Amino acid sequence: MKRRLLTVLLIFIVVFITGCDIFDISTPLQTHDNSDESSKAPDFTVYDAEGKAIKLSDFHGAPVILNFWASWCPPCRNEMPEFEEAYREYGNEIHFLMVNMTDGSGETIDSAQSFIGEYGYSFPVYFDTSGSAAMAYGISSIPTTFFIDKNGIVKKYAVGSMNKTSLQKGINIIKD
């Protein structure tokens, strides 16, 4: 009993000292240094379901949420309902670029489309079949999400699964 009480007390102290919010376990948003061109969102080309080339620069002048994901990735799958809800609410104001990491073996266009169809997601999905978009953003872990303002500047990003609160914080930063 004493040991259990000591353990609980130790956890409480650690949480109190570090300022951890034990009710919000989402990935914190990271900030880019916006003082120069280093925060300019790199352009890239991906493809829609019909094979049409789409560039990030096609959306210049409007805010963009750029998310890198794969259907085999559990954290990616977990955050999709949050993105769907946000897309339904903000899809007319913010462009959602849900970029699937389509490598042709572990993830294919068919497997990604099957996943999207199975859950009835309506946000637009794009396919990074060459890996060039992921390379342009230095993606080493998925999911990864970037919040880009209407001027093409990366304002925030998050590595790891987003929850509703973190996603809303990012949206609030880039929407007018």
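Residue numbers count from 1 along this sequence. Please read these numbers as outputs of a predicted model, since none were measured by experiment.
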Does the pair Phe127 and Val46 meet the rule for a side-chain contact (heavy atoms from CB on, under 4.5 Å), with working shown? CA-CA 5 Å; Phe127 303 96; Val46 291; 6.0 Å; no
Gln113 and Val125: side-chain contact (heavy atoms from CB on, under 4.5 Å), yes or no, with the steps? CA-CA 8 Å; Gln113 288 177 325; Val125 175; over 6 Å; no
Nearest 0.5 angstrom please: Ile171 CD1 to Lys175 NZ, how far?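 Going from CD1 on Ile171 over to NZ on Lys175, the span is 8.0 Å.
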I need the Phe147 CZ to Leu66 CG distance, nearest 0.5 Å.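 The CG atom of Leu66 is 10.0 Å from CZ of Phe147, to the nearest 0.5 Å.
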Suppose we screen for side chain to side chain contact (heavy atoms under 4.5 Å, CB included). Which residues come up paired with Asn92, at least two apart in sequence or across chains?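 So Asn92 forms no side chain to side chain contact (heavy atoms under 4.5 Å, CB included) with any residue.
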Set of ring pair (Phe, Tyr, Trp, His ring centres under 6.0 Å) partners for Phe83, sequence neighbours left out: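 Residues passing ring pair (Phe, Tyr, Trp, His ring centres under 6.0 Å) with Phe83: none at all.
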Only distances under 3.5 Å count here; give the side-chain donor-acceptor pairs of residues 73-82 to other protein atoms, sequence neighbours excluded, each with its distance to 0.1 Å.
{"from": "Arg77", "atom 1": "NH1", "to": "Ser71", "atom 2": "O", "distance (Å)": "2.8"}
{"from": "Arg77", "atom 1": "NH2", "to": "Tyr119", "atom 2": "OH", "distance (Å)": "3.4"}
{"from": "Asn78", "atom 1": "ND2", "to": "Pro74", "atom 2": "O", "distance (Å)": "3.3"}
{"from": "Glu79", "atom 1": "OE1", "to": "Met162", "atom 2": "N", "distance (Å)": "2.8"}
{"from": "Glu79", "atom 1": "OE2", "to": "Asn67", "atom 2": "ND2", "distance (Å)": "3.0"}

Trp69 and Phe115 aromatic ring geometry - parallel, tilted or perpendicular at 30°/60° bounds: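 Answer is tilted, since the angle falls between 30° and 60°.
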Exercise: do [X] and [Y] side chains pair donor with acceptor under 3.5 Å:
{"X": "Thr108", "Y": "Ser111", "value": "yes"}
{"X": "Asp128", "Y": "Thr102", "value": "no"}
{"X": "Tyr90", "Y": "Glu85", "value": "no"}

Name the one of Ile174, Leu56, Leu97, Ile94 that satisfies side-chain contact (heavy atoms from CB on, under 4.5 Å) with Ile148?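 Looking at Ile174, Leu56, Leu97, Ile94, the match for Ile148 under the side-chain contact (heavy atoms from CB on, under 4.5 Å) is Leu56.
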Give every residue pair that meets the side-chain hydrogen bond (donor to acceptor under 3.5 Å, both in side chains) criterion with at least one member in residues 45-55, sequence neighbours excluded.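 Residue pairs passing side-chain hydrogen bond (donor to acceptor under 3.5 Å, both in side chains), neighbours aside: none found.
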List the steps, then state whether side-chain contact (heavy atoms from CB on, under 4.5 Å) holds for Ile65 with Tyr87. CA-CA 10 Å; Ile65 295 175; Tyr87 174 70; over 6 Å; no
Salt bridge (charged side-chain N to carboxylate O under 4.0 Å, His left out) with Glu84: which residues, sequence neighbours excluded?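 Glu84 satisfies salt bridge (charged side-chain N to carboxylate O under 4.0 Å, His left out) with Arg88 only.
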Review item, side-chain donor-acceptor pairs of residues 132-140, under 3.5 Å, at least two apart:
{"from": "Ser132", "atom 1": "OG", "to": "Ser130", "atom 2": "OG", "distance (Å)": "3.0"}
{"from": "Tyr137", "atom 1": "OH", "to": "Pro42", "atom 2": "O", "distance (Å)": "2.8"}

